[in-house]
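Predicted model, so just to flag it, every value in this text is computed and none were measured. Within every chain, numbering begins at 1; the chains are lettered A, B, ... in the order of the sequence lines, protein sequences first and strands thereafter.
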Amino acid sequence: MNVRVRIAPSPTGLLHIGNARSALFNWLFARHHGGVFILRIDDTDQARSERQYEDDILSGFSWLGLDWDEGIEVGGLHGSYRQSDRLDRYRSVATDLVERGLAYYDFRSSEELDRLRTTAQKSGRAPAALIRNPGGSLDEARRRIDSGEKAVVRMDIDVSKSIEFVDLVRGEMRFEGDAVDDFVVLRSDGSPTYHLASSVDDVDYEISHVARGEDLLSSTPKHIILTEAMGAAPRTYAHLPLLFGPDGKKLSKRHGDNSVKAYREQGFLPDALFNYMSLLGWSLDADTTIFTRDEAVAAFDFGDVSKNPAVFDTEKLSWMNGMYLRAMDPAEFEAQAVSAVEDDVGRDLEGDERAVLAEMLPLVQERVKFTSEIAGQVRFLFVGEVDYDERSWNKTMKADAPRALAASIDGLQDLGDWSISAIERVLRAMLEAEDLNARKGLQPIRVAITGSNVSPPLFESLAALGAEQSIGRLRAALDRLDADPD
RNA sequence: GGCCCCGUCGUCCAGCGGCCUAGGACGCCGGCCUUUCAAGCCGGUAACGCGGGUUCGAAUCCCGUCGGGGCUACCA
């Protein structure tokens, strides 16, 4: 099988997670069959298309690792992969359709059309059932065009003919001819509609399989009609289940919160997002949740794609992100951590600071879900004095706190060997001597040292911070308690 | 309103007539571990929308019903 699939986003907004999922399935299918994955830009809607969005789409796919073999930027055998470059081609197909009697010029006003739709709806018929070819000669129509009248070009649907096709996901599909409206292929300004441009490109670029969201399922008869009108064989279609938000509605395309960019900025890893998205409507097998791209490529088939819509669950994505973060190569994790911390403290780290950080990182890697959480865990090592998290402070600095802090200072200040084990020994002895449990005795130290209740393990944190700084902070916390004993 | 699609734990997925007293994952709850928070480990919670058929036997097939969704533009 000569597989050529495409993803054809419209640059009218940031790369949407739904589009990314469609792209992902197309990519998996192409890679599985050793086929060609094509990226085309469907920018026929000139009014809403913007170049910045095209850039965002490209970088989104690249970031996700969905590399394309043909298309925008990489080129290919078939000329431009941007529809706005191919307007003449679409126009000439439309003209040809008219000349062959398969399409017609329609001069009717939108008011008139609306009336027809309303009438149809009242009589319980398909809204489009009454919008059919009003007749009239082509010569007459041409005269009116020449005299400056505006017209759209509509397909002249043969209502006696039903359209049947086999959808790879949904099985046999059948649409009656009179359920298909005489849809517009060329707007009155001469620009093509989505249906025309997309069908022409799918033929010209020899696309073998069209896999896209289920929202286009009911447009498929139109695309088949157009394809056949061009004298080409229909493509094979696969309509993927839609992605829903938690509200059970189509994932919002509006505000950028469901954009790939937004997830990227929140600190999600591309591998995690890839893995998670592939689980939306598909599964590797009955019980594997985490798997590699290669495993997915090896197993993928449209026939195994679920028919039901899927709710996008950020909880599970977050969990998966943590799994990937923990599995990340330590050197890679360190690189990410260094830049995150430097951003956070607003300066570059010195050599010895990087060593301290590197020592701490294994402890951090196993307790974060996002790279964006790293800085918060280790910030205390790179600032002169800590900002106390007030909630942590209030929760921890109770009656026993001064005692624990004072005794710790006593024990630690003369400690010659500032090692993890030595620190632990001293502090455990302190707990014993003061008759405090770990929670009461050690938590105040944690807050004094890191500023927060939540931090890497305590003895390691003290060791990493160093004797001078540590004791200074214990004293500072004690002073603060004395000044304000609540 | 019309056409179309879909209906298994709260969510994602497995199940393609007997292996299902329905399996895995997230979440949630409990336990272990433990200096916090996590992680890890162990255990638990929870679903075949409903009604009819077909069949020795149905989550799986058929019909109906109810529910959800998509489309219904000179958007894609």
How many whole angstroms separate atom [atom1] of [X] from atom [atom2] of [N]?
X	N	atom1	atom2	answer
A:I290	B:C26	CD1	C1'	10 Å
A:R367	B:U36	CZ	C1'	8 Å
A:R91	B:C74	CZ	P	18 Å
A:E176	B:C3	CD	P	10 Å
A:L196	B:A73	CG	P	18 Å

Between [N] and [X], is there an OP1 or OP2 to side-chain N/O distance shorter than 4.0 Å?
X	N	value
A:R428	B:U35	yes
A:R108	B:C74	no
A:R326	B:G40	yes

What distance separates [X] [atom1] from [Y] [atom2], expressed to the nearest 0.5 Å?
X	Y	atom1	atom2	result
A:D201	A:Y81	CG	OH	9.5 Å
A:R403	A:L436	CZ	CG	4.5 Å
A:L64	A:L269	CG	CG	11.0 Å

* Atom CG of A:D387 with >12 non-hydrogen neighbours under 6.0 angstrom ->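 No, because the 6.0 Å sphere around CG of A:D387 holds 12 heavy atoms or fewer from other groups.
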
* **Same-atom distance (P) from B:U60 to B:G18, integer angstrom** =>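 Rounded to whole Å, the distance is 12 Å.
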
* Asked: Looking only at atom P, what distance separates B:G30 and B:C66, rounded to whole Å?
  ->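 It comes out at 42 Å once rounded to the nearest Å.
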
From [options], pick the nucleotide closest to the side chain of [X]?
X	options	result
A:F459	B:C26, B:C4, B:U35	B:U35
A:L442	B:A14, B:U35, B:C12	B:U35
A:D45	B:C6, B:C74, B:A76	B:A76
A:Q443	B:C26, B:U35, B:A76	B:U35
A:R48	B:U35, B:G24, B:A76	B:A76
A:A310	B:C3, B:U36, B:C13	B:C13
A:K316	B:A25, B:A76, B:C6	B:A25
A:T289	B:A76, B:C6, B:A25	B:A25
A:L242	B:A14, B:C3, B:G69	B:G69
A:W319	B:A76, B:C3, B:G27	B:G27

* Asked: Between A:R132 and A:D182, is there a salt bridge with N-O shorter than 4.0 Å?
  ->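 Between A:R132 and A:D182 there is a salt bridge, with a charged N closer than 4.0 Å to a carboxylate O.
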
* A:R428 with A:E424: basic N within carboxylate O range, under 4.0 Å ->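 Salt bridge: yes.
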
* Look at all strands and tell whether A:V311 reaches a base, only sugar-phosphate, or nothing, counting heavy atoms closer than 4.0 Å. =>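 Answer is sugar-phosphate: A:V311 comes under 4.0 Å of backbone atoms only.
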
